[in-house]
Amino acid sequence: MAPHEIARERTWVLYEYPFNEGIRTMLRLEHLFDRLGVLASRDAPVDHHFALATIFEVMDVASRADLKSDLLKELERHRTQLQAYRGLPGVDERALDAITGRIEQAFAGLNALQGKAGQSLATNDWLMSIRSRISIPGGTCAFDLPAYYAWQQHPAERRREDLQGWIATLAPLAQALQVLLGLLRDSGTPQRMVAPGGQYQQGLQPAGAAAASGPKVYQLLRVRVDAADGLVPEITGHRLMVSIRFMKPDAEGRLRGAGTDCRFELSLCA
C-alpha cells in the first residue's frame, strides 16, 4: 500500500437463517422489539403510531399458544447445561454465575407473566379499537378514531410515557429472547469461507467417530459479507445440508448470480 493510501475500514452485513420454526419466531419477535425501541424513542406522532402498530404485531406473533412454555423450557435447558460446567478446570466461575443469573432472571420474569405476552393489553378497549382498524388502509383517520387522534396531539413526553407503560407488559418476553438468542449466537464460531463461482454447500451431519456421539442439531446459520462486495446471500437449508447462492442486484434491482468466487464468514450455532 502506498504511503498516501488509507486502509478501508470494512463494513459488514450480517444475514441469519433459522433452521426451525421456533428460532424463526424468536428472530421475528426480536426484529419487532428492535423496531419498537427505535420508534418509541422518537417524538413525532407518526413514529408513535407505528410503535403502536409494532406492539400489535408483537402480540400477533406472541399469540402462539406454546411460545411461552417453549421459551421457559429453553431457558431451563441452558441453565441445566451450564450448571454441569461448575467445578471443571478452566471454567470461569464468575462468568458462569453472571450467565446463569441472567437466565434465572429471564425465567422468573417470563414465568410470572400472566397468560400470553400482551394479554393485559388485550383488555384495554381503547387500544383494541385502534388495533381493529390499524390494518385498514387509512383506517385510523381522525373521523374514524377521534379519541386516538386526540392522543396523538399530546406532548411527545406524555405519549412516550404511555408507550413505555404498554411496552413494559412485553418486557419479560423481550428479555427472554435477548438471553436465548445471545446464548445461541455465542455458540457459533465464525469461519472464513469461499464460495466458488458464488455457490456454497455444506453438510451438517458429522462423519466418522464424531457421528457415533450423535448428530449435532444446528438451529441458526449466520453469514457475514463485506458491504463493499454488494453480495446478497440466498440461503436454503435443513438439518442435513445448507446451500448458499450469492447474488448481486442489477441496475433495476433484480438479483443475478454473482458468478465469481465470493468470500464470506460462516457461523453455525447449535
Side-chain angles (χ1 to χ4, degrees), residues 1-2 5-35 74 77-78 81-82 85 90-92 95-96 99 102 177-270:
M1 180 181 293
E5 292 181 350
I6 299 175
R8 177 180 65 83
E9 185 176 345
R10 288 190 175 186
T11 301
W12 296 97
V13 181
L14 177 66
Y15 295 86
E16 294 185 320
Y17 183 85
F19 286 125
N20 59 64
E21 189 60 32
I23 302 302
R24 185 173 289 109
T25 298
M26 290 168 67
L27 290 175
R28 284 177 175 152
L29 284 167
E30 180 190 52
H31 168 76
L32 291 172
F33 278 118
D34 287 345
R35 185 209 297 170
E74 277 298 293
R77 180 178 69 84
H78 281 289
Q81 286 180 343
L82 289 171
Y85 291 115
V91 172
D92 186 335
L96 190 60
I99 296 172
R102 289 178 61 211
L177 290 169
Q178 184 181 45
V179 170
L180 287 172
L181 288 174
L183 290 168
L184 179 59
R185 287 167 177 142
D186 288 344
S187 71
T189 302
Q191 310 243 346
R192 293 184 178 180
M193 315 295 288
V194 176
Q199 302 273 358
Y200 179 82
Q201 279 193 341
Q202 179 176 330
L204 300 181
Q205 292 298 306
S213 61
K216 195 168 188 177
V217 181
Y218 293 106
Q219 299 191 74
L220 181 69
L221 172 76
R222 310 183 85 204
V223 173
R224 205 166 70 138
V225 297
D226 190 338
D229 294 337
L231 297 171
V232 179
E234 287 192 345
I235 307 169
T236 56
H238 48 76
R239 64 185 182 85
L240 299 176
M241 176 77 70
V242 64
S243 176
I244 306 171
R245 183 185 180 199
F246 287 95
M247 315 289 285
K248 281 191 174 183
D250 62 17
E252 296 180 355
R254 291 174 297 191
L255 292 178
R256 310 286 188 185
T260 58
D261 292 356
C262 300
R263 288 174 172 76
F264 65 102
E265 282 188 358
L266 174 72
S267 299
L268 285 165
C269 308

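For Tyr218, there are no ring pair (Phe, Tyr, Trp, His ring centres under 6.0 Å) partners two or more places apart in sequence or in a different chain. The side chain to side chain donor-acceptor pair (under 3.5 Å) test applied to Arg77 returns Glu74, not counting sequence neighbours.
The minimum heavy-atom distance between Arg239 and Leu204, with the atom names listed, is O-CB, 3.5 Å. What you find for Tyr17 and Gly237 is that their closest heavy atoms are OH-N, 3.5 Å. Closest of all the heavy-atom pairs between Asp261 and Pro196 is OD1-CA, 3.3 Å. Nearest approach of Ser267 to Pro190, heavy atoms of both residues: OG-CA, 3.2 Å. Contact between Cys262 and Gly198 at its shortest, heavy atoms only, is SG-CA, 3.9 Å.
The distance from the OG1 atom of Thr25 to the CG atom of Leu177 is 10.0 Å, given to the nearest 0.5 Å. Note that CZ of Arg28 is 6.0 Å distant from CD of Glu21, once rounded to the nearest 0.5 Å. Distance check, rounded to the nearest 0.5 Å: CD1 of Ile23 to CG of Leu221 gives 13.0 Å. Here the straight-line distance linking atom CD of Gln81 with atom CG of Leu183 works out to 9.5 Å at 0.5 Å rounding.
Put simply, the side chain of Gln219 reaches to within 4.5 Å of the side chain of Asn20, judged on heavy atoms. You'll find the side chain of Leu231 stays beyond 4.5 Å of the side chain of Val13, heavy atoms only. Between Leu266 and Val223, the closest side-chain pair of non-hydrogen atoms falls below 4.5 Å. Using a 4.5 Å cut-off on side-chain heavy atoms (C-beta onward), Leu220 and Leu27 make contact.
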Exercise. So Leu268 and Phe19, side-chain contact (heavy atoms from CB on, under 4.5 Å) or not? Walk me through it.
Worked result: CA-CA 10 Å; Leu268 285 165; Phe19 286 125; 4.2 Å; yes

Exercise. Run the side-chain contact (heavy atoms from CB on, under 4.5 Å) check on Phe246 and Val225 step by step: do they pass?
Worked result: CA-CA 10 Å; Phe246 287 95; Val225 297; 3.8 Å; yes

For this session: Could you please spell out the steps behind the side-chain contact (heavy atoms from CB on, under 4.5 Å) verdict for Glu234 and Leu255?
Result: CA-CA 10 Å; Glu234 287 192 345; Leu255 292 178; 3.9 Å; yes

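Remark: side-chain polar atoms of Asp226 are not paired, donor with acceptor, to backbone N or O of Trp12 under 3.5 angstrom. With Ser187 contributing its side chain and Ala270 its backbone, the two residues share a donor-acceptor pair below 3.5 Å.
Ring planes of Phe264 and Tyr200: perpendicular class, angle over 60° (limits at 30 and 60°).
If you run side chain to side chain contact (heavy atoms under 4.5 Å, CB included) between Glu265 and each of Arg224, Arg222, Met193, only Arg224 comes through.
At a threshold of 4.0 Å, the pair Glu30-Arg185 counts as salt-bridged, since one of the basic side-chain nitrogens sits closer than that to a carboxylate oxygen.
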